[in-house]
Number of protein chains: 2
Amino acid sequence: MAVTLADVAARARVSTATVSRVLNGNYPVAESTRARVLRAVTDLEYVVNGPASALAAATSDLVGILVNDIADPFFGVLASAVQSEVSGGSGMPTAGGAGTRTGDGSTRHYPGPPNQLVRTDEKLAVVCNTGGCPERELTYLTLLQRQRASAVVLTGGAVEDAVHAEAVAAALTRLAGAGTRVVLCGRPPVTSGVDGRRPEAGPAPQARATVEHSHAGTASHVAASAPQHMPSQHAPSQLVTLAFDNRGGARRLTEHLVSLGHRNIGYVAGPPGRTTTRHRLEGHRAALATHGIPDPAHRTVHGAYDRAAGYDATQELLRRDASLTAIVAANDTAALGVCAALRDRGLRIPGDVSVAGFDDLPFSADAAPALTTVRLPLQEAGARAGRLAMGREASPPGEVATIRGELMVRASTSVPYS
Amino acid sequence: MAVTLADVAARARVSTATVSRVLNGNYPVAESTRARVLRAVTDLEYVVNGPASALAAATSDLVGILVNDIADPFFGVLASAVQSEVSGGSGMPTAGGAGTRTGDGSTRHYPGPPNQLVRTDEKLAVVCNTGGCPERELTYLTLLQRQRASAVVLTGGAVEDAVHAEAVAAALTRLAGAGTRVVLCGRPPVTSGVDGRRPEAGPAPQARATVEHSHAGTASHVAASAPQHMPSQHAPSQLVTLAFDNRGGARRLTEHLVSLGHRNIGYVAGPPGRTTTRHRLEGHRAALATHGIPDPAHRTVHGAYDRAAGYDATQELLRRDASLTAIVAANDTAALGVCAALRDRGLRIPGDVSVAGFDDLPFSADAAPALTTVRLPLQEAGARAGRLAMGREASPPGEVATIRGELMVRASTSVPYS
DNA sequence: CTGTTAGCGCTTTCAT
DNA sequence: ATGAAAGCGCTAACAG
């Protein structure tokens, strides 16, 4: 049906091998021959058969990017950065450094193909929306393995269910073992089988056993405790992690509030059972503990990472304790909901109640009032993850790097009762 | 290296054909045999080789979703909706109707496979970020064709360059011809070579020649001039379009402002040379014209569809004409920038200046003040596009459906000088 | 520098 | 109901 390599070969009066060679540009071919082949290619509107070449070459040019919620700018920014790095470094102007292409070590040793129809040096970056659903995460991982993806980038926090963690760890190991490069971005390192290997453990609120690493001393050192993902011989660094220092960021944020004089601080946490939620909450509590401030359970309310959750949580928080002088949200989006709820109750920000978020998404600086938050270098992290996925950058020592967030003090926080 | 069908067959003591049959569930297999095979599959952790099966079956389970900017919630919401429809209808709870699966007409005639490792009935929805760059759009289209994608969904406005339009039309025709279902969502129908074939035409404000179709009495007739993409025999309705009525929405929005008494209205347009930009601007002007309100060119400023552009455009607009009592932005994101700029100048919204946006993104209702805008049913449109891509819904008559936007009057607009 | 020739792993008639 | 065998279109040695 479709035009094949053989058709092109016939028209160019050469062998299929030759056509393949000029298309891949990885082997010397006479200039005249090349021209003839290229001519045939365009004449026939030939388009490489991906599956066929993937089958023969045992690898495809697919790079998968898994995100929890594609409609959330947090992931949008991350994914965008990864993608622009993966597919040629051009992409959005937003992507900052565009010249990444210059010194690349691709296989393009010989003059490249002419038109859209041919180029093989670029990867197809695709983003997969898991919707925060563990099963879909697994499904995508499998699907990507099916496609023999050349790399997979997992973004965002992980679910803390032991069974699921085990399953993901297994999937990642398979992937890595199959030669797919795996990069974790904004997600803690894989620690398979750390918490006791109880396959039937269930949601296990106890699963937190292994958490207190990576923040003791001061910041971004990786805890030396439990043996990590164990690159079991056949995976030389096929699995690297770029984690966000959520705990540290949250701690600094709450300390900022405390230093302003706040004592009654409400916390709008993310959905329970997720690493990001837990880490940020822990940071918040650590800050309070450090300053000897009690933190009654009723001052924390869990919800989704969205605006509606922030809104609802705020109502609940206010109902439970009207003495609150500040509310910290697990992320900026929820913080916006917090602000909305406060406004609707006729409370002023920060006059009556200070508000803080986390992430520093694009809109946060423009909110009214501008949001105090912790800036996560999403753009940079994504780009780095992209480069790692392309094997264009060396892995960090220990295969794990922790990325710090920066406290951004803006107008939504002030001294209480001001 | 990896486990193959043959390995499974050997372990289950059957032929590869049989294994294939139970995996695809499209052919009767004895229950006992099936069990044995399934057992072998899980024991061996067998994962189908996508490329190989795609090659043999001449089709893959990839569905591509092209977006202009994945970091923009507009596309995020759209993509999310498409995707959750494509990969089993579950996905985000936001997606509303989840039970779509029930009456599907898949090939699953016999009891399906058991675990994550096997399932073949689901598609792999992947989103590709073009960054609004025509070349990348083409690249992705080709890449997807390479992969023999089963469907492709193009979202968002198109670039109005004649050459590029031609190229895209050609690519889509090839795709459709190759059996890939193509769905345009939030983008006008493909009408290659409509506006006079002037390759260097540029933004061409005159290009409006053929626009008023598809919502008047007769609707979706394609301009009769140059021969279109010509579904040349072998493409029965492989290309369907879900367009947004940007012009009508914009007109109603501006009419709302006019009815409030505004006469000096500034307009922050999107990037020139894009259909969405032009249609919205045309709607705005049509409204003014209808009411005999002059619209000097200096009251329109073009920029990107982002917040920064809205901010800058507003400064420029105010510099040019301080008598403005309202500013309409091409989309909500830019409108937020407009608000920020206004606030920074000490102007009150809507007291001094009314502001309106377009799209009604999630955050718009929460802005301060809540944004008057035109609500586009992104969720529904995306879901429908997804169903069309899956062949799970019949095409609209004429292969084109126009989706209207709904005027949402909120707090950011009021009578002037209030 | 170019042609020949095996497969890559799976699907699919065609037999049995 | 199951097996045997012929490709699908391309790549990668290996010869020339």
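Convention: sequence-line order gives letters A, B, ...; per-chain numbering from 1. Worth saying up front: this structure is predicted, and the values here are computed from it rather than measured.
Remark: P of D:dA1 and CZ of B:R34 are 11 Å apart, rounded to the nearest angstrom. Distance B:Q145 CD to D:dG9 C1': 14 Å, rounded to the nearest Å. As rounded to whole Å, 5 Å separates atom C1' of D:dG9 from atom CG of A:N49.
For A:A56, the side chain to side chain contact (heavy atoms under 4.5 Å, CB included) test picks out no residue, with sequence neighbours left out. Legend: residues meeting side chain to side chain contact (heavy atoms under 4.5 Å, CB included) with B:A6, ordered by chain and number and at least two apart, are B:T4, B:T16. Residues passing the side chain to side chain donor-acceptor pair (under 3.5 Å) test with A:R36, sequence neighbours excluded: none. Every residue meeting the side chain to side chain contact (heavy atoms under 4.5 Å, CB included) condition with A:A54, not counting sequence neighbours, appears here in chain and number order: A:S60, B:P51. For A:T180, the side chain to side chain contact (heavy atoms under 4.5 Å, CB included) partners at least two apart in sequence or on another chain are A:V152, A:L175.
Among the nucleotides D:dT2, C:dC1, C:dG9, the one closest to the side chain of A:A30 is C:dC1.
Residues A:E85 and A:R384 are not paired through a salt bridge, judged by the lack of any N-O separation under 4.0 Å between the basic side chain and the carboxylate.
Not one side-chain nitrogen or oxygen of A:T4 sits closer than 4.0 Å to the OP1 or OP2 atom of D:dG9. Side-chain N/O atoms of A:T33 include one lying less than 4.0 angstrom from OP1 or OP2 on C:dT2.
Judged by closest nucleotide on DNA chain D, B:R36 is the one of B:R36 and B:L55 placed further toward the 5' end.
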Base-contact (B) and sugar-phosphate-only (S) positions in nucleotides 11-16 of chain C, heavy-atom cut-off under 4.0 Å, - elsewhere: BBB---
